[in-house]
Amino acid sequence: MKKVVAVLACVVVLLVGYIVLDKSGTQSSFDTKKAYDQGKAFYNNKEYDRAAELFKIVCDGGEMRGCNNLGAMYTDGDGVEKNEQKAVELYKIACDGGYMIGCYNLGVMYAKGNGVEKNKQKAAELYKKACDGGEMAGCGDLGVMYTNGDGVEKNEQKAVELYKKACDGGEMNGCFNLGVMYANGNGVEKNKQKAVELYKKACDGGDISACYNLGFMYANGDGVEKDFDKAAKLLKKACDGGNMLGCNNLGVMYEKGNGVEKNEQKAVELYKKACDGGEMRGCHNLGIMYEYGNGVEKNEQRAVELYKKACDGGDMRGCNNLGAMYTKGNGVEKDFIKAVQLFKKACDSGEMSVCANLGVMYANGYGVEKNEQKAVELYKKVCDGGEMTGCYNLGVMYAKGNGVEKNEQKAMDLYKKACDGGNMLGCGFLGFMYEKGDGVGQDIYMAKEYYGKACDLGDQDGCDEYKRLNK
């Protein structure tokens, strides 16, 4: 049964609104300025009760930033009892008084439905007002709404304009999201080099998600020359900043020794941190470490728990590996029916490699009524989806005439496709067919070539057959 190995994965994160607490110090009235500055100092010192009192005085005195900051304190329950309705009132006062951060924060409340009925259209209007008034966070979040067609008609070109305005205005999240658009060619011509530049700017400016994406690009040589050392540094920065996917992928680097000295114990620590932080890839990868005893004492029961957590959390590779444990009875009582349920869940979610496992169950009648035609359908789906295991398995069905009319030439074509895609079994079986002359004229030279390819891909049987033919 195939295991899914740990892989690096780039995710696109379009951040949602956050409450902005103004910490500027300019003010026309000396007394109000002094009260505001004192309130700000108390706030920074976490003396929230005293800060709230002063911000109220400033707000009552007609200074809109005091109203905004007092609203932020009601939003979070700092120094006052949490009251989102009161926060909405205060943000509205600030916004109506021309204070653009107040408009932005009021937009956030409408976008989330906090203290007010959720209204994405109203949120978009407020973000636009804030953006037009020079509040770059409003430009960035309005760009997100245009990207997703959320509260406004989807318009990726408009989103790009807004992200650029936000980025040029110093809003690092805007730079990050603009990088995402260039990386994927959404609303703009795809340009990976431009994406790298924008991610670097955003990362240097403190946007941790940008550090993660930039690290991913260095790890894969995507838009930039591959550099594992830089990738590891960037992923560490992302992880240290709270990006759990960064922790997971840094764990991959330690497990493989890419850009850092190989250290499976360190990989385990990082996978655990990611898993505990809610990143299901970390749970899945940690499960693999426990299943095989890599960097930690082997514990199949613990592996089962972690695969289940990953599966329940939406990581379909966890479902696949949990299903594999049920097929073997490793760490859990053998249960083919349960395995089929797990493979089906993952397959239905689009995890192609798991569809191949489901096909195996149908082909053999494990946990489900034997149905070779259904197995053929699944293998074809997997093969067409680019998963070479499906091509190999489909080739086996054609070679044997199981669930489909026997066709050795079709089998050879499928083995070749699998082999060209890096499947060692496809190479090995192709070598066997050339040696025996099945489906094609006997050709020992080609047999040796494909056995050699299988050997190069790690197939010991291929190595043995290659040596035998070269004696």
Side-chain angles (χ1 to χ4, degrees), residues 1-4 316 319-329 334-443 446-447 450-451 453-454 457-462 464-465:
M1 192 65 68
K2 182 179 176 182
K3 281 286 176 182
V4 182
M316 294 300 104
C319 302
N320 177 62
N321 285 10
L322 183 58
M325 300 295 273
Y326 274 106
T327 64
K328 295 184 244 182
K334 184 181 286 191
D335 188 334
F336 286 138
I337 294 175
K338 183 67 174 175
V340 166
Q341 291 170 354
L342 288 160
F343 291 150
K344 187 175 188 308
K345 177 179 178 179
C347 178
D348 290 346
S349 295
E351 192 71 34
M352 287 295 104
S353 61
V354 191
C355 296
N357 287 349
L358 184 59
V360 170
M361 304 301 275
Y362 273 104
N364 294 281
Y366 295 150
V368 69
E369 187 176 348
K370 185 171 182 176
N371 187 332
E372 292 180 334
Q373 291 78 12
K374 179 67 174 177
V376 165
E377 291 175 17
L378 286 162
Y379 294 150
K380 185 176 187 309
K381 176 181 178 180
V382 173
C383 182
D384 292 344
E387 175 60 47
M388 294 303 104
T389 301
C391 301
Y392 163 73
N393 285 358
L394 186 57
V396 172
M397 302 299 274
Y398 273 102
K400 295 182 176 181
N402 293 343
V404 67
E405 187 176 347
K406 185 172 182 176
N407 186 329
E408 290 179 335
Q409 184 58 55
K410 181 70 172 175
M412 288 199 71
D413 292 342
L414 287 159
Y415 289 150
K416 185 175 188 309
K417 181 175 180 178
C419 178
D420 291 345
N423 183 283
M424 64 182 183
L425 294 176
C427 299
F429 270 74
L430 200 55
F432 176 80
M433 294 187 80
Y434 270 111
E435 182 182 359
K436 301 301 180 183
D438 292 338
V440 67
Q442 186 180 47
D443 189 329
M446 291 298 291
Y450 281 107
Y451 283 143
K453 284 186 177 182
L457 290 168
D459 181 20
Q460 186 56 51
D461 289 339
D464 294 342
E465 296 302 323

Original post:
Under 3.5 Å, is there a donor-acceptor pair between the E351 and S349 side chains?
Top reply: no

**OP:** Of all the heavy-atom pairs spanning M433 and A411, show the shortest one and how long it is.
**Re:** CE-CB, 4.5 Å

Original post:
Are side-chain heavy atoms of C383 and L414 found at a separation under 4.5 Å?
Top reply: yes

Original post:
Would you call K381 and C347 a side-chain contact if the rule is heavy atoms closer than 4.5 Å?
Top reply: yes

**OP:** Can you label the angle between the F429 ring and the Y392 ring as parallel, tilted or perpendicular, going by 30° and 60°?
**Re:** perpendicular

**OP:** For C319 and A346, work out which heavy atoms get closest and say how close.
**Re:** CB-CB, 4.1 Å

**OP:** May I ask you to check whether over 12 heavy atoms, not counting those of K345, lie within 6.0 Å of atom NZ?
**Re:** yes

Subject >> Pairwise distance CD(E369) to NZ(K374) - rounded to 0.5 angstrom >> reply: 13.0 Å

**OP:** Starting at CE of M316, measure out to OG of S353 and round the result to the nearest 0.5 Å.
**Re:** 12.0 Å

**OP:** Return the minimal non-hydrogen interatomic distance between A375 and G359, and the atom names on each side.
**Re:** CB-O, 3.3 Å

Original post:
Quick one: does N423's side chain get under 4.5 Å of C391's, heavy atoms only?
Top reply: no

Original post:
How about E435 and Y451: does a side-chain donor come under 3.5 Å of a side-chain acceptor?
Top reply: yes

Original post:
To the nearest 0.5 Å, how far apart are CE in M388 and CG in D420?
Top reply: 9.0 Å

**OP:** Compare every heavy atom of A356 with every heavy atom of T389, then report the nearest pair and how far apart it is.
**Re:** CG2-CB, 4.2 Å

Original post:
Say you draw a straight line from CG of L342 to NZ of K338; how long is it, rounded to the nearest 0.5 Å?
Top reply: 5.5 Å

**OP:** Any chance you could measure M361, atom CE, to Q341, atom CD, to the nearest 0.5 Å?
**Re:** 10.5 Å

Original post:
So, for N320 and F343, which heavy atoms are closest and what is the spacing to 0.1 Å?
Top reply: O-CE2, 3.3 Å

Original post:
Below 4.5 Å, heavy atoms only, C-beta onward: do K417 and D413 meet side chain to side chain?
Top reply: no

Original post:
What pair of heavy atoms forms the shortest contact from G426 to C419, and how long is it?
Top reply: C-CB, 4.0 Å

Subject >> Check: Y366 and T327 side chains under 4.5 Å, non-hydrogen atoms >> reply: no

Subject >> Spatial distance of atom CE (M352) from atom CG (L378) [nearest 0.5 Å] >> reply: 9.0 Å

Subject >> E372 side chain near V376 side chain, heavy-atom distance below 4.5 Å >> reply: no

Original post:
With a 4.5 Å heavy-atom cut-off, do L457 and C427 have their side chains touching?
Top reply: yes

Check residues 394-402 and write down every donor-acceptor pair under 3.5 Å in which the side-chain atom is one partner and the other belongs to a residue at least two apart or another chain.
none

Original post:
Charged N to carboxylate O below 4.0 Å: is that the case for D384 and K380?
Top reply: yes

